[in-house]
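See structure below.
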Amino acid sequence: MIEKTTRALIKLFREQVEGNTVFSAGSIVEIAKLPAVILNGPTLTEKKRLMRDPERITVIDEEAGQAIREVPPRWYDLRFDVNISCEGNLELVGLIEKCSRVNQGYALLTARNDERERQYLWRWETPPQVSTTPNISQVSQGRAGIIVYDVEVYSNIQEVWPLIQRVSVEIDKDRIEVHS
C-alpha cells in the first residue's frame, strides 16, 4: 500500500494544487517548467500497533474445508518533503495558499490496490512556507512536510488450517476411536 498511497498523494496534488506535480525518490529532480510541486520521499517510520499486532485475519472456506490465517500487517507513517517552485513571489504565495487548503477538503487520502481500498489520515507535518534559502537561478521556492498515518503493509504469509467436517466417536469396551 505504500506505492498506492504515494500515487494517491501525487494525484491529489496534481488535481487540487498544481498539474505540474512531480515525484522524486531522491534529492535531485529536473523540472521542465514552472510552477512545479515536487514530492520527495517517502521516509518510513514503523509504528508499533500493540492493539492490532496480535490479530490475524481469518477466512473460512467451507467448500475446501480449510481456514486461512494471514500474518498481521506492519504499520508505517510515511513522510514526504514538498518543494514548491515558481517564477515569482506572488505566484509562490498563491501555491502555498492552495497547498494549505488541500488538507481541509481532503483530510483522508484514498488508496486502492487489487484486494483492498483504504483511507489514510494525512496532515502537514511542517506547514507550507516560503523558503529562506537563496536561489541563484531566480526561482522562488517554498517547502513543507507531509505525514500520512498508519499505512499497512501485508506480508502475504498465510497459514492454512484444515476444518473438521464431522467428528464421530465410537466407544468400545477396551478402546475409543475418533473419526473426522
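The structure presented is a predicted model; accordingly, all values stated were derived computationally and were not measured.
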Anything under 3.5 Å between a donor and an acceptor, one on a side chain of residues 17-26, the other on a protein residue two or more places apart or in another chain? List them.
residue, atom, partner, partner atom, Å
E18, OE2, N20, N, 3.1
N20, ND2, K33, O, 2.8
N20, ND2, P35, O, 3.0
T21, OG1, E18, O, 2.6
S24, OG, G26, N, 3.3
S24, OG, G26, O, 2.9

Partner of E152 by salt bridge (Lys or Arg N to Asp or Glu O under 4.0 Å), out of R118, K4, R74
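With E152 as partner, R118, K4, R74 yield a single salt bridge (Lys or Arg N to Asp or Glu O under 4.0 Å), made by R118.
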Please examine the side chains of [Y] and [X], heavy atoms only from C-beta on, and report whether any two atoms are closer than 4.5 Å.
X: R112; Y: T110; answer: yes
X: L109; Y: L9; answer: yes
X: E125; Y: R79; answer: yes
X: S85; Y: Q141; answer: yes
X: D77; Y: V151; answer: no
X: V139; Y: C86; answer: no
X: Y76; Y: P42; answer: no
X: T126; Y: R143; answer: no

Residue among T5, V102, L78 satisfying side-chain contact (heavy atoms from CB on, under 4.5 Å) with W122
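Among T5, V102, L78, the one that satisfies the side-chain contact (heavy atoms from CB on, under 4.5 Å) with W122 is V102.
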Restricting to side-chain contact (heavy atoms from CB on, under 4.5 Å), what partner residues turn up for K11, sequence neighbours left out?
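Once residues adjacent in sequence are excluded, the partners of K11 under the side-chain contact (heavy atoms from CB on, under 4.5 Å) criterion are E15.
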Would a single hydrophobic cluster contain both [Y] and [X], if residues Ile, Leu, Val, Met, Phe, Trp and Tyr are joined by side-chain heavy-atom contacts under 4.5 Å?
X: L108; Y: V148; answer: no
X: I10; Y: Y120; answer: yes
X: L44; Y: I146; answer: yes

Check whether any side-chain N or O of W124 sits under 3.5 Å from a backbone N or O of I147 as a donor-acceptor pair, and report yes or no.
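A pair under 3.5 Å: no.
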Donor-acceptor pair, D81 side chain versus G145 backbone, under 3.5 Å?
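Answer holds: no.
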Shortest non-hydrogen contact from S100 toward P128
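S100 and P128 have their closest heavy atoms at OG-CG, 3.8 Å.
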Identify the two heavy atoms, one from F13 and one from C99, that lie closest to each other, and give their separation to 0.1 Å.
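Minimum heavy-atom separation between F13 and C99: CE2-SG, 4.1 Å.
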From E46 CD over to W75 CH2, what is the distance, rounded to the nearest 0.5 angstrom?
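E46 CD to W75 CH2: 12.0 Å, rounded to 0.5 Å.
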Flag for N89-S140: side-chain donor and acceptor within less than 3.5 Å
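Side chains of S140 and N89: pair found under 3.5 Å.
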Residue R14 excluded, over 12 heavy atoms near CZ under 6.0 Å:
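More than 12 within 6.0 Å, yes.
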Could you go step by step and tell me if V37 and V82 meet the side-chain contact (heavy atoms from CB on, under 4.5 Å) rule?
CA-CA 7 Å; V37 175; V82 180; 3.9 Å; yes
